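Remember, predicted model here, so these are calculated numbers, not experimental data. The residues of the chain are indexed from 1 along the displayed sequence.
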Amino acid sequence: MTAPLPNLSLPSLSMAPHLIAEGWECIAFINKYCIIFIEHSHNHMRRLTIHTLPLATFGLFVVAAFAIAATAPYTSVSANLRASSLDENGPRSASVLLRSQAEALRRHLLHRSGYAPQAGALASALEQRASLLGRTVTVAFRAETAVPLSVPLPAPQAMTLEHSWLTLVSDGSGARYIVDQAKIQRTLEGMLADIVRPAVHATAVLSSHDSNDALLRAMLDGQPQDGLHIDIPQAAAIIATALQTGEPEANIHVTLERGTVQIMQEGRAITLTRIATGLSNFKNSPYGRIVNIRKGLDERVDGTVVPSGTSFSFNETIGPVSQGRGWLEALAIFNGTDLRPIVGGGLCQVATTVYRAALAAGLPIDKRKNHSLYVTYYKAYGVGLDATVFPGHQDLTFTNDTPGPLLIASRTINNDGIVDIYGIDDGRTVTLEGPYFPQTAPADLIVHTKAGTVRPLKGSEIAWIQRIRHADSSETVNTIVSQYVKPYPKKLVSEFPTGDHGMEVFHSAAPVVQ
């Protein structure tokens, strides 16, 4: 019987990966009844522990230990080393632990590729890796443009550097960790998939003429939508650089993509882009008025085509207005101040929405008259920019002076009326400044009278200044004045005190901005 040996404790199997990863070696002696082995580490004795165990048990231990070590992922090496860095004598020094980690990484690289830098170079790389992990960068999206975007930019996103984004690179002179651009790109693609949508395009099919009149119309196969475009590889490179250098913010460039409409004319395809939008709101309107507004925008104006060099007539576009054609009664203004029900009441809201789009496009307005009374329905999206119509008496007309056809696409969403004008961009840009009241109008704002004289803004008038800059750099300035029979609410002056509440419009030639 062999005499018992001191300290016959067997290390738990859970320690095996740590021992293997840390580079512990075993010197074994085969005894008649057991195997005795002594642990030592890197030519200096950490502790001497003599273990005995039956041969069969030792065999199982060896198989289990190497199986666990073989399946331990490389990314867990540092965590395993940290877990084994304490012994009965207290914490090991940071330098010893770093050296141990570097040796474990070196053996892993040798096993995987047959080449590895020296442990000193790897220790420096591990120190650098520790300084990179946990860095956070705020990704901000910017658009270098001059007017509000028609689609919102993504909100800023915080990105924290992850283990998987780091890649070890080495050569004969050393080793270092880099932030892997390709890995960030994959993360960025998933993150932006639901918040950055591309533009939607449509095709317009001409129907020779409307069945009720001689107007040229078209039917769209979908609703064009503007979208955003981000160069994902470029964005990933910017983010990787920010994380590598410790910059707190990464600015990503965003460009606007216009939704387009392709229309066939004389056997050739013409691509139209949205050059302007007009808006109005009909919240709190009575039922008959709402029906007429929706019918006018959704059925009669939508799809109207205005060839180059021709004029648009609102009354011709709407066609006959009668109950037999589906129009309902609603209030309208008569004799300047009287309100009475009339079939088609509310069509002035449709005309106002079209008028605002034509103004934003910089199209020559041939006929337009504002309401005799201030109407609260027209306050939103351009107070003082309204147009009244009445079949056979008062019309709204404008001329298409662009190089190609205009397509008017209109619709209602909730309580908003929307008119989009699609055409060929000829380089003009349009700005609308206002509203101005007598109390807030600039000194150089003058009103031209029919008699050929000029005067300042007065009484119950509201004015806007339209500036059209053409492709040849020439500029046309129009003063738009609405004069009401009765005073408008005094609170309007305080609600729009500076005259810088421009109508919410854009022109495709204008730069687009955040």
*If every non-hydrogen atom of N292 is compared with every non-hydrogen atom of A330, which pair is closest and at what distance?*
ND2-CB, 4.3 Å
*side-chain contact (heavy atoms from CB on, under 4.5 Å), paired with I421, selected from T277, L363, T402*: L363
*Will you find, in the side chains of T160 and T136, an N or O donor that is under 3.5 Å from an N or O acceptor?*
yes
*About how many Å separate CG of N281 and OH of Y377, when rounded to the nearest 0.5 Å?*
10.5 Å
*Would you please name every residue forming a side chain to side chain donor-acceptor pair (under 3.5 Å) with R176, sequence neighbours left out?*
none
_Set out, in order, the CA-CA distance, both residues' side-chain angles and the distance that settles salt bridge (charged side-chain N to carboxylate O under 4.0 Å, His left out) for K379 and E495, then state yes or no._
CA-CA 11 Å; K379 176 182 174 181; E495 288 185 55; 2.6 Å; yes
*asked:* Under a plain distance cut-off of 3.5 Å, with no hydrogens placed, do T397 and D395 share a side-chain donor-acceptor pair?
replied: no
*Below 4.0 angstrom, N of the basic side chain to O of the carboxylate: do E316 and R217 qualify?*
no
*Distance from I252 atom CD1 to D231 atom CG, nearest 0.5 Å?*
9.5 Å
*Might you point out which heavy atoms bring T317 and R300 nearest each other, and give the distance in Å?*
O-NH2, 3.2 Å
*asked:* Under the rule for side chain to side chain donor-acceptor pair (under 3.5 Å), what residues qualify as partners of S311, not counting sequence neighbours?
replied: T399
_Set of residues satisfying side chain to side chain donor-acceptor pair (under 3.5 Å) with respect to R268, sequence neighbours excluded_ = none
*asked:* The criterion is salt bridge (charged side-chain N to carboxylate O under 4.0 Å, His left out); which residues satisfy it with E475, sequence neighbours excluded?
replied: R469
*Is the backbone of T167 close enough, under 3.5 Å, to the side chain of D180 for a donor and an acceptor to pair up by distance?*
no
*Taking only residues two or more places apart in sequence or in another chain, which ones pass side-chain contact (heavy atoms from CB on, under 4.5 Å) with T476?*
I468, H470, N478
*asked:* If the condition is side-chain contact (heavy atoms from CB on, under 4.5 Å), which residues does V291 pass it with, not counting sequence neighbours?
replied: Y287, L328
*What residue pairs, at least two apart or across chains, pass ring pair (Phe, Tyr, Trp, His ring centres under 6.0 Å) with a residue in residues 227-247?*
none
_Quick check: closest heavy atoms across G423 and L406, and the distance to 0.1 Å?_
CA-CD2, 4.0 Å
*Is the H371 to Y378 ring centre distance short of 6.0 Å?*
yes
*Pairing residues for L220 by the side-chain contact (heavy atoms from CB on, under 4.5 Å) criterion, not counting sequence neighbours*: A204, P224, V261, L407
*Listed by chain and number, what are the side chain to side chain donor-acceptor pair (under 3.5 Å) partners of D302, not counting sequence neighbours?*
none
*Taking K183 for the side chain and S164 for the main chain, is one N or O donor matched with an acceptor at less than 3.5 Å?*
yes
_Candidate list N415, T352, T353, test side-chain hydrogen bond (donor to acceptor under 3.5 Å, both in side chains), partner S280, passing option_ = T353
*Which residue pairs pass the side chain to side chain donor-acceptor pair (under 3.5 Å) test when at least one of the two sits in residues 184-204, sequence neighbours left out?*
W165-T187, Q185-E189, H201-T260
*Ionic contact status for E461 with R455, cut-off 4.0 Å*: yes
_Pairs satisfying ring pair (Phe, Tyr, Trp, His ring centres under 6.0 Å), at least one member in residues 288-332, at least two apart_ = F312-F398
*Residue pairs, two or more places apart or on separate chains, that pass salt bridge (Lys or Arg N to Asp or Glu O under 4.0 Å) and touch residues 396-412*: D401-R428, R411-D420
